[in-house]
Amino acid sequence: MFNALVLEKEPTFQATLKSVEDDFLPEGDVTVDIEYSTLNYKDGLAITNRAPVVRTWPMVPGIDGSGVVRESGHPLWKKGDRVILNGWGVGETHRGCFAERGRFSGDWLIRLPEAFQARDAMAIGTAGYTAMLCVMAVQDHGVRPGDGEVLVTGATGGVGSIAVLLLAQLGYRVVAVTGKASEAAYLSGLGASAVLERAEFSQQGRPLQKERWSAVVDCVGSHTLANVCAQTRYGGVVAACGLAQGGDFPSSVMPFILRSVTLRGVDSVMAPRALRERAWDRLAKELAPSSLATVVSEVSLSGAVEAAHRLMQGEVRGRVVVRVAE
Ligand code: NDP
């Protein structure tokens, strides 16, 4: 028997911590004893039933997990290996990591870098790995620290916080956009050189505006994404990864056809293994776990539902790791 947070939709939606048997585990060739998971925006949506994230029921949420291989029928993995799992539909179509045990395809797992413990990897989680994918998109586009300011929206969130930290460490001058004016000192502590009000970006704006940013990491979509595209400098890049404001994109083609702005989509869920490994390798080299001290808070599995509600109400700063193993 092992503990799992189980989401059910009949007779009405509920999220309950339950003791379940091994036959509750889904298909897969590797069974993992999960030590830590983490609360991502998508988990918040699933646990609070705010959006149709869950596709098969009953579901165990938790798109991220880290722990130790318990049993393996996959050539890459053996008992005792320390692994990370991010995405691949886990917590959406395949039972996820808010459970003491999980079963997955061995193709989905990557090795825990030596620099990290399981908790460190989950302090980073999909949010941090997505932040690194966005940083890589900015760098791959050729934007260098001397080229001008880089904007990060949704900056106190999980992706935003780690994007600010990574970019500042690389020498970029980072401007953070937040709805939480009280967190300006937190953002400066991560390396932001200026902090701007979310309200300046969230309403409909003109299709072309004053050129300000050499690059943008956008976590919120909607009018904010349209405005930051309209403010990006000639030849710059906008790495779009999120929709915290909305999934719409009420923009025009003007920034793309008159300023050669590139809108670069960033997806972590189905990213190929080689790209994941490149991102995690860089995180292991560039992100000391101690640098996340102000970013991370921790809850137990039994505290995850309450934390998910706080996340959805915009009351969480940074990252929440979920201690799965008691
Ligand atoms: P968080 O909930 O931790 O952060 C989201 C942040 O967005 C909030 O902290 C807040 O920051 C800001 N925000 C919230 N509501 C609004 C709003 N109505 N308008 C404008 N800004 C708002 O989520 P994550 O950082 O984990 O994820 C951010 C986004 O990225 C989510 O949409 C998520 O689904 C997406 N995502 C996408 C991935 C991918 O593979 N493409 C992977 C991971 C996440 P502040 O108060 O500072 O403004």
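Whatever order the structure lists ligands and atoms in, that order sets their numbers, starting from 1.
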Per-residue contact class, [X] against ligand 1 - non-hydrogen pairs under 4.0 Å:
X	value
Val159	both
Ala244	both
Thr178	both
Arg198	side chain

Open item on the list: On the six-membered ring of Tyr129, is Arg276 placed so that its NZ or CZ lies under 6.0 angstrom from the centre and within 45° of the ring axis?
Closed with: no
- [ ] Evaluate the side-chain proximity of Glu298 to Arg119: yes if any heavy-atom separation is below 4.5 Å, no if none is.
- [x] yes
Open item on the list: Measuring only between side-chain heavy atoms, which start at C-beta, is Thr294 closer than 4.5 Å to Leu190?
Closed with: yes
Any non-hydrogen atom of [X] lying under 4.0 Å from ligand 1?
X	answer
Thr126	yes
Ser202	no
Gly314	no
Lys42	no

TODO: State whether the shortest distance between N or O atoms of Leu311 and N or O atoms of ligand 1 falls below 3.5 angstrom.
DONE: no
Task: Top protein contact for atom 36 (N) of ligand 1, by heavy-atom distance - done: Cys241 O, 3.6 Å
- [ ] Run the salt-bridge test on Arg95 and Asp23 with the 4.0 Å N-O cut-off and return the result as yes or no.
- [x] no
Open item on the list: I'd like to know if Glu149 and Arg212 make a salt bridge, using a cut-off of under 4.0 Å between side-chain N and carboxylate O.
Closed with: no
- [ ] Can you label the angle between the Trp88 ring and the Trp108 ring as parallel, tilted or perpendicular, going by 30° and 60°?
- [x] parallel
Open item on the list: Looking at every heavy atom in both Ala176 and Leu187, which two are closest together, and how far apart are they?
Closed with: CB-CD1, 4.0 Å
